[in-house]
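Remarks on the structure that follows.
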Amino acid sequence: MSIIETAAPLHEAHRDNHTHRDVNGGWLRPAVFGAMDGLVSNLALMTGVAGGAVSSQTIVITGLAGLAAGAFSMAAGEYTSVASQRDLVQAELDVERRQLRKHPIDEMEELAALYVSRGVEPKLAREVALQLSRDPEQALEIHAREELGIDPDDLPSPMVAAVSSFGSFALGALLPLLPYLLGATVLWPALLLALIGLFACGALVARVTARGWLFSGLRQLVLGGAAAAVTYGLGMLFGAAL
């Protein structure tokens with residue numbers, strides 16, 4: 001009796017807390033990479049031009065061009081990448097669908113053997129495989145999960161990936177540009193705002209992925225700052241040479 005009484009609260013706690021983040025939605029990776037890439041690439045581009053001792057108007061035009069070109073490039077790349085991946089998955093699902101239609105017994109035995117390899121008794125494994133194989137669509141879903149490691153009903157969307165990438169890149173690239181658009185004529189306000197943004201993005205990503213926010217934020221800050229310093233130095237070098 002005591003075992004049942006102590007087990008019930010544990011079951012409820014497990015049910016209430018055993019939730020997972022969406023890792024297959026297709027939006028998180030392009031959004032994260034887009035924001036980081038937008039911040040780092042446009043900051044590096046603008047500091048490189050600024051190192052050449054050009055006017056603030058030239059820096060603004062450079063930043064706007066970098067924002068537009070990068071956002072469209074990221075969106076097109078993400079759309080093509082995710083669409084190609086989705087087409088490949090659909091092709092593999094078609095192969096599996098044909099096999100289930102032409103060789104249902106072999107596919108059922110294959111599924112039973114898989115369960116046996118995971119410790120299920122052979123008789124029980126065959127019964128489970130038989131029941132799961134009665135519905136062709138359910139059988140396809142099970143085989144896709146077990147053999148391909150995918151969920152046919154939860155494939156990433158190319159459009160979601162493209163839109164997420166475009167918006168996040170544009171937002172990240174806009175950050176170092178903002179001080180100039182608001183009237184700044186020197187580089188340091190843009191650099192300061194961009195570095196704060198890099199740290200904030202790193203910390204935010206750490207919160208989403210359950211990593212240490214301080215380490216993640218500082219790591220992104222150092223990487224982005226190093227890229228800006230290198231391009232600024234190159235800008236000074238080439239600007240002096242010209």
Side-chain angles (χ1 to χ4, degrees), residues 26-83 158-209 213-242:
W27 64 270
L28 179 60
R29 184 184 63 85
V32 169
F33 277 99
M36 295 296 187
D37 195 19
L39 253 173
V40 174
S41 64
N42 219 30
L43 174 63
L45 180 63
M46 292 171 62
T47 53
V49 172
V54 298
S55 67
S56 59
Q57 182 181 8
T58 301
I59 297 175
V60 170
I61 294 174
T62 301
L64 289 172
L67 186 157
F72 281 109
S73 176
M74 285 286 293
E78 282 295 335
Y79 185 91
T80 302
S81 174
V82 175
M159 187 58 68
V160 169
V163 171
S164 298
S165 181
F166 182 94
S168 59
F169 185 98
L171 189 61
L174 180 63
L175 206 57
L177 194 56
L178 269 179
Y180 283 101
L181 295 177
L182 294 176
T185 57
V186 292
L187 180 63
W188 71 263
L191 182 61
L192 179 62
L193 184 60
L195 292 178
I196 293 174
L198 285 168
F199 180 85
C201 282
L204 181 61
V205 171
R207 182 175 178 82
V208 173
T209 58
W213 66 271
L214 182 60
F215 173 78
S216 182
L218 289 175
R219 178 179 61 185
Q220 197 60 40
L221 175 64
V222 170
L223 291 174
V230 170
T231 55
Y232 185 82
L234 290 174
M236 290 183 63
L237 178 63
F238 293 134
L242 295 175

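FYI, side chains are in, hydrogens and waters are out, and symmetry mates aren't considered; it's all heavy atoms of this structure. By convention here, the first residue in the shown sequence is residue 1.
In this structure, Phe199 places its CZ atom where more than 12 heavy-atom neighbours from other residues, nucleotides or ligands lie under 6.0 Å away.
Between the SG atom in Cys201 and the CG atom in Leu175 there is a gap of 7.5 Å [rounded to 0.5 Å]. With values rounded to the nearest 0.5 angstrom, Leu43 atom CG is found 6.5 Å from Leu195 atom CG. A distance of 11.5 Å separates CG in Leu214 from CZ in Arg219, rounded to the nearest 0.5 Å. Rounded to the nearest 0.5 angstrom, Gln57 CD and Thr62 OG1 are separated by 10.5 Å. Distance CD1/Ile59 to CG/Leu64: 12.0 Å, rounded to 0.5 Å. One finds the CG atom of Leu223 at 11.0 Å from the CG atom of Leu218 (value rounded to the nearest 0.5 Å).
For the pair Pro176 and Leu193, the minimum side-chain heavy-atom distance is 4.5 Å or more.
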Donor-acceptor contacts under 3.5 Å from residues 227-234 side chains, at least two apart:
residue : atom : partner : partner atom : Å
Thr231  : OG1  : Ala44   : O            : 2.9
Thr231  : OG1  : Thr47   : OG1          : 2.9
Thr231  : OG1  : Ala227  : O            : 3.0
Thr231  : OG1  : Ala228  : O            : 3.0

Could you give the side-chain donor-acceptor pairs of residues 179-190 under 3.5 Å, partners two or more places apart or in another chain?
residue : atom : partner : partner atom : Å
Tyr180  : OH   : Val186  : O            : 3.3
Tyr180  : OH   : Leu187  : N            : 3.4

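Distance alone, capped at 3.5 Å, places no donor-acceptor pair between the Ser216 side chain and the Ala203 backbone. For the pair Ser165 (side chain) and Ala161 (backbone), a donor-acceptor distance under 3.5 Å is absent.
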Task: side chain to side chain contact (heavy atoms under 4.5 Å, CB included) assessment of Ser41 paired with Phe169 - done: CA-CA 10 Å; Ser41 64; Phe169 185 98; 3.6 Å; yes

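Every ring pair (Phe, Tyr, Trp, His ring centres under 6.0 Å) that Phe72 has, sequence neighbours left out, goes to Phe166.
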